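Scroll down for the structure; my scribbles are underneath it.
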Amino acid sequence: MKKLVLAALAGVMSASTAVAQEANLRLHHFMPPPATLSAHFFMPWAEEMAEKSDGRLNVELFAAMSLGGTPGDLVDQAIDGAVDISLTLPGYTPGRFNKTEVFELPFMMEDAVATSAAFYDMITAELQDGEFADMKILSAWVHGPGVLHTAEPVMKLEDLAGYELRGPTRVITDLIGELGATPVGMPLPGIPEALSKGVINGTVLPWEITPAIKLGELVQNHTEFGGDRALYTATFILAMNWDAYEALPDDLRELLDANTGKQMARDVAATMVARDAAGRSVYEGNNIIQLDEAEVARWEAAAQPVYDRWIERAAEKGFDGQAIIDEARSLIAANK
């Protein structure tokens with residue numbers, strides 16, 4: 001009888017310990033602390049995770065590459081377990097995530113929220129077990145419409161001649177070159193110094209991030225593209241180390257799953273789009289140029305070779321690029 005009582009007590013103590021188990025996750029990213037993703041999404045999200053778990057699921061945010069490395073290292077930091085979670089652009093490691101690039105093709109995005117949901121759908125359908133197999137993708141999204149920010153006004157396609165223009169990823173730098181500028185590949189943190197030193201004289205970025213890097217104080221001309229589709233967007237992933245994910249207690253893993261995924265994709269995109277207006281308002285005294293439909297059509301036609309080269313590169317990588325383009329467009333339409 002005594003042994004039974006002791007065994008029962010041990011079981012209760014073991015169960016109690018399991019229920020009380022905590023998880024501390026380090027989320028590393030390249031964004032400055034005032035950026036939309038830092039201040040307006042992931043800080044509140046981390047607080048929400050702590051509250052919903054009664055303080056047991058703690059997500060510690062490390063902004064601006066504060067744990068070391070470069071933005072291009074973030075994917076491998078999550079894969080290798082140097083951090084638990086990383087927030088990054090797949091395009092910062094060109095050549096590794098080839099199907100993902102489809103959502104960055106020029107004028108592909110029609111709606112950031114729908115495109116983000118479509119991106120996550122493609123991940124769950126094929127990319128998680130494919131090019132993202134080495135990491136657990138918690139969520140994924142795209143930012144709002146990309147804008148040109150330049151030292152001199154860009155009012156028509158020909159005005160890009162002679163520009164050295166920063167782009168974040170392989171697809172976007174390919175686009176910049178096709179449009180007549182000299183592309184300079186560069187992650188976000190390098191932009192202010194590059195502009196100040198004259199390494200570049202313009203960049204592409206969505207409005208929401210511009211105040212965080214004081215972009216409108218470095219260049220005063222901003223070119224927007226009208227209509228439903230954007231010149232470009234960039235893809236983001238929230239990637240987690242598989243061992244860290246699987247080591248979570250069942251209830252905390254369920255909580256994390258319930259507060260990431262497709263709904264997070266939609267929520268992050270909506271937050272970034274909402275902050276576009278706030279970012280734009282900061283620099284509304286600058287020269288903001290809006291291209292008309294006819295001029296945008298010229299840019300769209302000029303961008304077509306980017307599609308052709310991407311389809312050729314897809315064939316070299318062993319997949320049907322046109323089929324992936326068609327799938328992406330279908331998923332975007334289905335998520336509107």
Side-chain angles (χ1 to χ4, degrees), residues 29-32 34-37 64-65 69-74 87-95 101 103-109 142-155 157-225 230-236 272 276 279-280 282-283 286-289 291 299 302-303 306 309-310:
H29 65 87
F30 63 95
M31 291 286 184
T36 295
L37 288 177
M65 301 305 303
T70 68
D73 297 328
L74 283 164
L87 163 65
T88 189
L89 273 65
Y92 282 170
T93 50
E101 290 180 335
F103 292 101
E104 296 184 349
L105 289 169
F107 299 98
M108 171 65 74
M109 189 190 79
V142 301
H143 63 60
V147 178
L148 283 173
H149 309 271
T150 54
E152 299 295 331
V154 174
M155 304 182 70
L157 186 58
E158 291 77 10
D159 291 340
L160 280 180
Y163 259 93
E164 293 183 338
L165 199 64
R166 170 266 179 184
T169 69
R170 176 170 65 173
V171 169
I172 299 164
T173 55
D174 190 20
L175 170 64
I176 288 168
E178 197 60 48
L179 296 177
T182 298
V184 180
M186 185 183 302
L188 174 76
I191 294 174
E193 182 178 4
L195 283 170
S196 298
K197 292 184 174 180
V199 175
I200 56 174
N201 49 13
T203 185
V204 292
L205 276 178
W207 276 113
E208 52 87 13
I209 191 62
T210 57
I213 62 170
K214 302 185 185 304
L215 182 63
E217 297 165 30
L218 295 167
V219 294
Q220 283 74 49
N221 299 282
H222 315 275
T223 303
E224 300 177 329
F225 297 76
L231 172 68
Y232 88 96
T233 190
T235 56
F236 291 76
M272 295 183 85
D276 277 337
R280 190 182 192 275
V282 172
Y283 298 118
N286 285 4
N287 182 29
I288 298 177
I289 301 156
L291 301 185
W299 292 62
V306 177
R309 281 191 291 274
W310 190 81

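Treat the numbers as computed from the prediction; the structure is a model and nothing was measured.
Looking only at distances, a side-chain donor or acceptor of N286 sits under 3.5 Å from a matching main-chain atom of G216. Using modelled atom types, no side-chain atom of T173 and backbone atom of V184 make a donor-acceptor pair closer than 3.5 Å. With hydrogens and angles ignored, the 3.5 Å screen pairs a side-chain donor or acceptor of H149 with a backbone N or O of L205. A distance-only check finds a donor-acceptor pair linking the side chain of R166 to the backbone of M186 [under 3.5 Å].
By the 4.5 Å heavy-atom criterion applied to side chains, P189 and P71 are counted as neighbours. Using a 4.5 Å cut-off on side-chain heavy atoms (C-beta onward), L89 and F30 make contact. A heavy-atom distance below 4.5 Å is not found between the side chains of E101 and T169. The shortest distance between side-chain heavy atoms of P187 and T70 does not fall below 4.5 Å. A heavy-atom distance below 4.5 Å is found between the side chains of L175 and L231. Side chains of Y163 and V154 form a contact here, defined as non-hydrogen atoms less than 4.5 Å apart. Within the 4.5 Å cutoff, side-chain heavy atoms of L195 are placed close to those of I200. In this structure the side chain of T223 reaches within 4.5 angstrom of the side chain of L291, judged on heavy atoms.
The distance from atom OH of Y232 to atom CD1 of I176, rounded to the nearest 0.5 Å, is 8.0 Å. Atoms OG1 and CZ, from T93 and R170 in turn, are 10.0 Å apart once rounded to the nearest 0.5 Å. The distance from atom OG1 of T233 to atom CG of L105, rounded to the nearest 0.5 Å, is 11.5 Å. Note that CG of L37 and NE2 of H29 are 8.0 Å apart. Values are rounded to the nearest 0.5 Å. Between atom CG of residue L188 and atom CE of residue M65 there is a gap of 12.0 Å, rounded to the nearest 0.5 Å. Annotation: the span from T150 atom OG1 to I289 atom CD1 amounts to 6.0 Å, rounded to 0.5 Å.
Of all the heavy atoms in V204 and I172, the pair that sits closest is CG2-CG2, 4.0 Å. Nearest heavy atom pair, residue F236 against residue H143, reads CE1-CD2, 3.8 Å. Nearest heavy-atom pair, P183 versus G177, reported as atom, atom and distance to 0.1 Å: CD-CA, 4.0 Å. Listed here is the closest heavy atom pair of L148 and F225: CD1-CZ, 4.0 Å. Across all their heavy atoms, A35 and I209 have their closest contact at CB-CD1, 3.4 Å. The shortest non-hydrogen separation linking A181 to L165 is CB-CB, 4.2 Å.
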For D159 and E152, what are the C-alpha separation, side-chain angles and deciding distance, and is it a side-chain contact (heavy atoms from CB on, under 4.5 Å)? CA-CA 9 Å; D159 291 340; E152 299 295 331; over 6 Å; no
Going through the distances and angles, do V282 and T210 end up as a side-chain contact (heavy atoms from CB on, under 4.5 Å)? CA-CA 9 Å; V282 172; T210 57; over 6 Å; no
Quick one: do Q220 and Y283 satisfy side-chain contact (heavy atoms from CB on, under 4.5 Å)? Show the steps, please. CA-CA 8 Å; Q220 283 74 49; Y283 298 118; over 6 Å; no
Worked check of side-chain contact (heavy atoms from CB on, under 4.5 Å) between L179 and L157: CA-CA 7 Å; L179 296 177; L157 186 58; 3.8 Å; yes
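Around atom CD of E193, no more than 12 heavy atoms belonging to other residues, nucleotides or ligands sit under 6.0 Å away.
Looking only at atom types and distance, the side chain of T235 has a donor-acceptor partner in the side chain of E104 under 3.5 Å away.
Ring orientation note: the planes of W207 and H222 are tilted relative to one another, at an angle of 30° to 60°.
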